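Beneath this line is the structure, given in structure tokens, with notes to follow.
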Amino acid sequence: AKMMLAQRSGSAERKAEVSEDLCAGLLRLGPTFIKLGQILSTRYDILPYEYVKGLEKLQDSVPGFPGEVAYRIVCEDFG
């Protein structure tokens, strides 16, 4: 809903706010969604400039987590 409002408003400031919310949401959702955000951060052809610029943060500044957690996730998902 926020993205639709930003598109309609045309405000660069509003789009920047939405891109921050989008990044935060993807970070909360975890590694798969972070990767999706990283992919979208290169797609100026399908997202507004402000969203892509906001998503670029996911290229460099993603919080890490312990290797043990990654190993557990892989084991749970793939046996």
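These numbers were taken from a predicted model, which means no experiment stands behind them. Residues take their numbers from the sequence shown, with the count starting at 1.
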| Rounded to the nearest 0.5 Å, how far apart are CD1 of I73 and OG1 of T32? | 8.5 Å

| said: With heavy-atom distances below 4.5 Å as the criterion, would you say the side chains of E13 and E50 are in contact? | reply: no

| request: Tell me, with the steps shown, if Q59 and S41 meet side chain to side chain donor-acceptor pair (under 3.5 Å). | output: CA-CA 8 Å; Q59 295 290 341; S41 75; 2.6 Å; yes

| So which heavy atom on C23 is nearest to which on G54, and how close? | SG-O, 3.0 Å

| Interatomic distance, L47 atom CG to K15 atom NZ [nearest 0.5 angstrom] | 10.5 Å

| task | Check whether any side-chain heavy atom of K53 lies under 4.5 Å from a side-chain heavy atom of Y44, and answer yes or no. | result | yes

| Is there side-chain contact between L58 and L27, with at least one heavy-atom pair below 4.5 Å? | yes

| field | R72/E76 salt bridge by N-O under 4.0 Å criterion | value | yes

| request: Please tell me if the side chains of L22 and L40 come closer than 4.5 Å, counting only heavy atoms from C-beta onward. | output: no

| task | Flag yes if Y51 and I39 sit in one hydrophobic cluster, no otherwise; membership is Ile, Leu, Val, Met, Phe, Trp, Tyr, and two members link when side-chain heavy atoms are under 4.5 Å apart. | result | no

| task | Find out whether T42 and L55 are in side-chain contact, i.e. whether some heavy atom of one side chain is under 4.5 Å from a heavy atom of the other. | result | no

| query | Rounded to the nearest 0.5 Å, how far does CZ of R14 lie from OG of S19? | reply | 10.5 Å

| field | Hydrophobic cluster membership, V74 vs L29, 4.5 Å side-chain cutoff | value | no

| query | Out of curiosity, does Y71 fall in the hydrophobic cluster containing V69 (side-chain heavy atoms, cut-off under 4.5 Å, transitive links)? | reply | no

| message | Check for me, please, whether V52 and L36 land in the same ILVMFWY cluster - side-chain distances under 4.5 Å, paths through other members count. | response | yes

